[in-house]
Amino acid sequence: MQKNLTLIFFLALFSCIAFFPIAWMFGGSLYEGGSISFVYYHDIFLTKKYADIISRSLILASVAAIFAVLMGVPAGFFLAKTNFFLKNFYKLCFFIPLIIPPYTIGIAWTNILGKAGFLNQFLSHYLFLPPQSVSAFIYSIYGASFILSMNLFPLIMIMTEYALKNVPSSLEESGLISGSFFQVMKGITLPLISPVIFSGMMIAFVFSLSEFGVPSLLQLNVLTTQIFTQFSAFYNEKAATALAFPLIMITIIIFASEQCKMRGKSFEILGKSGSQAFMEYHFTWLRVSGLVFCTVLFLIVIILPFCSLLISIDTFKVYRDAFALAKNGIVNSVVFGGIGASILTVVGFFLGYATEKTRWRLKEGISTFVWIFFAVPATVAGIGLIKLWNRPHGAFQFIYGTFGIILIGYIIRFVPLSSRIMANFFRQIPQSMEEAGAVTGASWFRITGNILAPLQKNGIIATWIISFIFCIGELGTTLLVYPPGHETLPIALFTVMANSPENIVSALTLLLIGMTLLPVGIFFLISKYAFAKKITP
Amino acid sequence: NEVVVYSSEDKIFSEPVLKAFEKKTGIAVRAIYDTEEAKSTGLLHRLLAERENPQADVFWCGDPVRPALLETKGVTTSYYSPIAKEIPENYKDEGGHWTGFSARARVILYNTDLVSMDEKPLSIFDLVKPEWRNQVAIANPLFGTTALHMAALFIVSGDEEAKKFLNDLKRNGIKIVSSNGEVKRLVSRGEVKAGITDTDDANVAILDNYPVKIVFPDKDGIGTLIMPNTVCLIKNGPNQENGKKLIDYLLSREVEKKLAWDMCAQMPLRYDVETPAHVFSINAITGMNVDYHNVAKKMEEINGFLKQWAGF
Amino acid sequence: MKSLQVKQLVKTFDKKEIVKGISFEIEKGQLLTLLGPSGCGKTTTLRMIAGIEIPDRGEILIDEKLASSDKKIYISQKERHIGMVFQDLALWPHMTVYENIEFGLKSNGIRRDERRKKIEEVLQCINMQKYARAYPQTLSGGQKQLVAIARSIVTRPRLLLMDEPLSNIDVKLRQDIRQEIKRIQQETNITTLYVTHDQEDAFFLSNRIAVINEGKIEQIGSPEEIYFSPESLFVAQFVGESNCIDVKITGKDRLLTPWGGYVHPTNKLTTGTAKIFFRPHQVKIDPDGRCEGKIVKRDFMGEWFRYHVSSSGVEIVLYDENNYDVGKYVKFSINKMVTI
Amino acid sequence: MKSLQVKQLVKTFDKKEIVKGISFEIEKGQLLTLLGPSGCGKTTTLRMIAGIEIPDRGEILIDEKLASSDKKIYISQKERHIGMVFQDLALWPHMTVYENIEFGLKSNGIRRDERRKKIEEVLQCINMQKYARAYPQTLSGGQKQLVAIARSIVTRPRLLLMDEPLSNIDVKLRQDIRQEIKRIQQETNITTLYVTHDQEDAFFLSNRIAVINEGKIEQIGSPEEIYFSPESLFVAQFVGESNCIDVKITGKDRLLTPWGGYVHPTNKLTTGTAKIFFRPHQVKIDPDGRCEGKIVKRDFMGEWFRYHVSSSGVEIVLYDENNYDVGKYVKFSINKMVTI
Ligand SMILES: Nc1ncnc2c1ncn2[C@@H]1O[C@H](COP(=O)(O)OP(=O)(O)OP(=O)(O)O)[C@@H](O)[C@H]1O
Ligand SMILES: Nc1ncnc2c1ncn2[C@@H]1O[C@H](COP(=O)(O)OP(=O)(O)OP(=O)(O)O)[C@@H](O)[C@H]1O
Ligand SMILES: [Mg+2]
Ligand SMILES: [Mg+2]
């Protein structure tokens, strides 16, 4: 009872916060000239033009997701499974691309791969690639995918890492008896964490699908840019909303496919015994390849794009100016991000539980319902929020006039994300752990506090970090709803980006990185000790 | 005792001005700025969405056309600032819904490493010539000042002319990029030889001492588009009175001068505000002779065409 | 008073009926053992009684109060005051042995010092005091089971469900623990439902034994009943070793066995065939036995030898302490037999 | 040829020495059983032989090739061609029974149809064909164990390590599986190292038994040796039930027991004290036995009754098929005894 009430409470909470503004928007888009009409949907589905656009979006997203997996899974694997020089340094650095707005990464890459870019010249000089084709690449769908995948791989990396840390050694030991290292990884370890990888991939996919900055920078004709055009050239928010519909459809399809793929299988692996918590391998060749891989990755995703940032900063004064511009934003970012991430983690925890561990008949429905909000474009969410919350009445004004509205924005945008991650980590907790608690007559809260939460430790860490980074990076919705004086760092960055000296922009970007990495780093330390009881699955 | 202003003028230019106002009057200014990424339309959406229960008092807009849009949607209200008398008539809405002040203009920015003084284009119509093939950038004409520019162009040189011109540009492999900032970036990095952008962007490039120079196109032809900043008072804003005070301040000579001397190098609409050497005053350049209300209307008409022209 | 009544319990897993209408009752303070082949539904039954699985049909009454009827639950898990040893232990990996045991006490709101006392007590009686601070996965299989047992009894539950609690524990220790369980169970008279494969355990601990086969109860009764007068062939063969031989009924109380005629109650039958059934140790090798046979197989079983003797066309099993060689001809006599 | 040699194996867990210099050898095709109390280090030893744990000291030779010496590994886990049944099974939850068994074959690069054949075969012999497509967590405890066994033998390993493979399987099935294991093990003569608590299993399967106590081997020998001539008190008491009684040596081959003098080899000693030791079934209740005692306890053990008889100040345990009441005085005689 306690259990169901709690879960239903969080479910209701999320529905109220997220459902109404979005429903409002879509309702509006169905309502034209005083009556129900499908004008805005009609040609989305019936014209060739949109077929092309949608397929282009799909290509963009899939390629990005695949690239992200190709980078993220090995990275996470090496971080979790072996130990090498600078491991933790790399681990922290690899968050940078996730922190920096894709738009900025895009600019960095167009800079270095553009005709005049040094990398382009390098390539054309040594690899005899015609400069045209290189810059053509970066301005193409695939260029965009490339940029986005670099932005998103840390997400998959961290999920992979923590999922791997949940795989108890005994399962690998029993494999190593008869199989080689590779066979075990291929046949046992990776399949065991496949749900996590898979959902990471899904998140990357949907994110690239609904990302706007990069496609617009590269002037790609995809759904998001179409939506934007409708919004900002034609001021036709209904049409724009209608265009978001295919996004949601695709998301649902992807999600359903995942649910099917995982049905029947079990990934309950925690609590099995073994010689140690989880296997770390110390083959020299493995360490070396780990080091090599991470170094190369580091060069590609960090050094190449961002060295330009560094060199463009000449004086220290620049930092002072940048700081002056951003100090308000810094505080806000960290505070809002921290609170937001924590809320997301809590809500995600319970929703994830509800959709993964209950016997509810509707739970698949619920998880789908929660998930679709991830596809709602930021602008739609923002405008929906304004229309819903911007009312003269006290309570509304109170929320709308304070950073409450920003938090609500975070919840709409990212609870689908956090609850998905949680759900997939919950998959790894055996039912029996909870049952054993229940028969002792423990209240569900006690079980949650003393059994589920500690066992979910890795999931919680991963979720918090990811949520935190995403919250800090949120722009589309926050921009529309933030009350004066509540701007966050990215907003500070983007509002001065246009027409301010490049070195200021660079300095701001670095500030943004620092301000995000610092808490994350601290959080790593805390999480090491906070869950003092070492859980050794 | 505060005033809420939404500013779609770039933050680094507008913030100092507002701060100055704060110091001068002691009225706290709570400002929200717009971002380049959203083509400075985020605030517009916000204003429209907040129509039922406005949060802002003043909207400081980078161009004279969006206020026209707001006017039609009934977001703004009319206010004739006493000080506005000094502003030339054609930079003001006779309905009083918006008033213009220091202006930007559309210019051709070219890279002096790639283009010598005597090859430099003097007219935008030069850009269809073969020597500029694949060497010109322009921002997406559906958005921002470029959209205005196109609309104005359609008015002054007739739809047929304009359409033909644009198609020629297209055929000449013009690069359509996301924003004027991008145009600036590409030109100054030498990705392209020249591009059509705004004075403020251009000027920043120069101050970042990239090898670039400005041309005010069609001096002795149709002239180029001049786009004053505008300011308008929001209907039922929370602090109407302070709003008016702020408007009066923004329209003052002092501000025009400040903006002229700032990096954005905005051109004062008053003839007698002294400016740094590199900043022309309005009368020094030939502006297109258009009425901004018509421009606004024209945009509505042509953006269908522009959409498919830009390939969206 | 009955602490547990189970009526026509049915459970279906993906369309396969696993538990097919099991009914039994346990008096307060009694211990009932479920015996049965692997996969016959013992664990499932236990889990339903604990409220972990929801029965498809049937009623469960605890202390004569309805706990669940068909799919409806009336008494929630936590109100059932159950202690359970899970077959796969389900110890909490993130808690030390101490904390694992403590959890149940905590959630019943017992004070800290109180808790410490109880826990030390119980650790004592499984003598694992020195492992109190160890984490489960650093324990040996047997030690884990001990912890699981401790965890289940420390709360002195109303009803104790034990699913093969001793399977990984060595004979000696097992005997002690058995004693312990019996002691505790009788002192605090906890009603207990016990699942085991070890017939010694079963016979030693049980007041009554229920033999289950494929989700149905074949027979419930005292150990002696089950052992000496099985009601079905299955029970006869499942519990202990046995010889079953087809015989002819030649008349009232007259049987024709491979070894000639016997006089034996044939409960009213005067003709037809029947089975006689006798235990290996109810056969004795003695020089003047009336049956003879050849030893075809000998296994050393510790306490005695097990001989397979083929005699007049049937093969019977018998135990004897003395060592005879394979191939030797021996005389033997059947001291007791039962007809089924 | 020796398939497995273990020399002075030592393993320490967080400063506690768990395995304290164990040494033994197994001839090709033989089966050695490790018997010992919970926590004595059996599993640890197996894990070291499998190469999962790295020994702190000592050598392991497989087929007379050095597999590991002290902390250095010379033969990797896979090359050891070991099949292992883990005490906690460690089945892979995301694979069906079929896939679980298949993994080993796959990684030994055996062709698909080949694989199918082998797997069906092995499923046959644990008769779980109809569970091939089931996932482990839907299996009963015993069924899981069967799968674990199948997984370990399907690859026909060179060396088979089984850690309590039958603990959760019912007596009947266990006997069959035991037969199976013995058959396979002998046919394909796989060398096997076997851990169990069930002495029947041990006696039935083993060529030799090693009794381990606290990480040291107490005695290695054939089942009979272990059972009838234990070399230490521990072995005597750990294996089977036994009576140990202090006696005086009154002269060459003369003992003074509570029941008077006995003539019995005292290996050279002519004075001092000793212990005599005999099995419960080596005592018989017979009217003309020379000892008498009072029955203080009776347990029904299935095959027989266990009686605790207190007699001349000592309490002895004896088995008898006949049912005597507690409190009754009985005469008995001790047929065999050993001095330690
Ligand atoms: N969750 C489940 N889904 C499907 N089938 C199940 C599930 N749980 C158990 N079964 C099936 O129910 C049958 C009985 O399982 P159960 O665990 O009750 O057997 P058991 O009597 O405990 O056997 P054992 O003595 O080996 O533990 C088994 O055949 C098993 O395959
Ligand atoms: N990873 C570990 N860390 C610390 N101690 C351990 C670890 N593994 C085993 N031990 C200790 O080593 C001892 C022997 O363990 P082992 O599993 O070998 O016993 P065992 O002989 O298999 O007992 P059982 O018959 O109960 O399985 C136990 O006391 C256990 O606490
Ligand atoms: Mg079971
Ligand atoms: Mg063990």
Side-chain angles (χ1 to χ4, degrees), chain A residues 1-5 165-171 173 263-264 266 268-278 358-361 428-458 460 531-537, chain C residues 14 43 46-47 49-54 71 73 75-96 99-110 134-141 143-144 147-148 151-161 163:
Chain A
M1 201 65 274
Q2 208 175 27
K3 169 170 154 183
N4 289 348
L5 286 180
K165 286 187 171 164
N166 276 353
V167 177
S169 58
S170 61
L171 292 179
E173 285 159 355
R263 183 164 292 124
S266 155
E268 303 185 341
I269 51 180
L270 257 57
K272 300 261 190 341
S273 66
S275 54
Q276 68 261 52
F278 61 95
T358 53
R359 288 220 178 89
W360 294 357
R361 233 177 282 93
Q428 304 185 317
I429 301 181
Q431 204 65 41
S432 58
M433 291 296 132
E434 192 180 348
E435 294 164 357
V439 291
T440 65
S443 70
W444 188 69
F445 289 149
R446 181 178 293 279
I447 293 176
T448 311
N450 297 7
I451 298 175
L452 292 178
L455 284 176
Q456 183 73 328
K457 173 190 162 201
N458 286 337
I460 291 174
F531 304 86
K533 294 215 182 53
K534 65 166 190 316
I535 104 161
T536 45
Chain C
D14 32 37
T43 300
L46 254 55
R47 289 167 62 83
I49 293 167
I52 297 168
E53 301 279 1
I54 295 159
K71 282 186 160 19
I73 301 291
I75 304 182
S76 75
Q77 283 180 338
K78 67 190 293 274
E79 274 96 44
R80 294 188 186 192
H81 296 302
I82 285 176
M84 183 161 181
V85 179
F86 289 79
Q87 191 167 15
D88 55 359
L89 307 182
L91 297 175
W92 296 300
H94 61 292
M95 299 187 190
T96 62
E99 292 160 337
N100 263 282
I101 301 174
E102 191 179 25
F103 184 83
L105 296 169
K106 261 205 195 133
S107 42
N108 294 342
I110 289 167
Y135 282 91
Q137 53 283 359
T138 71
L139 294 180
S140 80
Q143 291 163 332
K144 285 201 200 96
V147 176
R151 185 175 70 175
S152 70
I153 57 179
V154 71
T155 52
R156 295 278 182 271
R158 221 196 288 158
L159 179 59
L160 190 56
L161 308 176
D163 199 345

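Every chain is numbered from 1 and lettered A, B, ... according to where its sequence line falls, protein lines coming before strand lines. Excluded from the calculations below are hydrogen atoms, water molecules and symmetry mates; all remaining heavy atoms, backbone and side chain alike, are included.
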Residue pairs passing the salt bridge (charged side-chain N to carboxylate O under 4.0 Å, His left out) test where at least one lies in residues 442-451 of chain A, sequence neighbours excluded: none
Reported [atom1]-to-[atom2] distance for the pair [X] and [Y], which is rounded to 0.5 angstrom:
X	Y	atom1	atom2	value
C/N100	A/T440	CG	OG1	11.0 Å
C/S76	A/Q2	OG	CD	10.0 Å
A/S432	C/M84	OG	CE	10.5 Å

Per-residue contacts, residues 152-160 of chain C versus chain A, heavy atoms under 4.5 Å: none
Close side-chain approach of C/P93 and A/L455, heavy atoms under 4.5 Å: yes
pair A/N450-C/H94: side-chain heavy atoms closer than 4.5 Å: no
For the student: nearest non-hydrogen atoms of C/F103 and A/A442, plus distance: CE2-CB, 3.5 Å
Part of C/I54 lying under 4.5 Å from any heavy atom of chain A: side chain
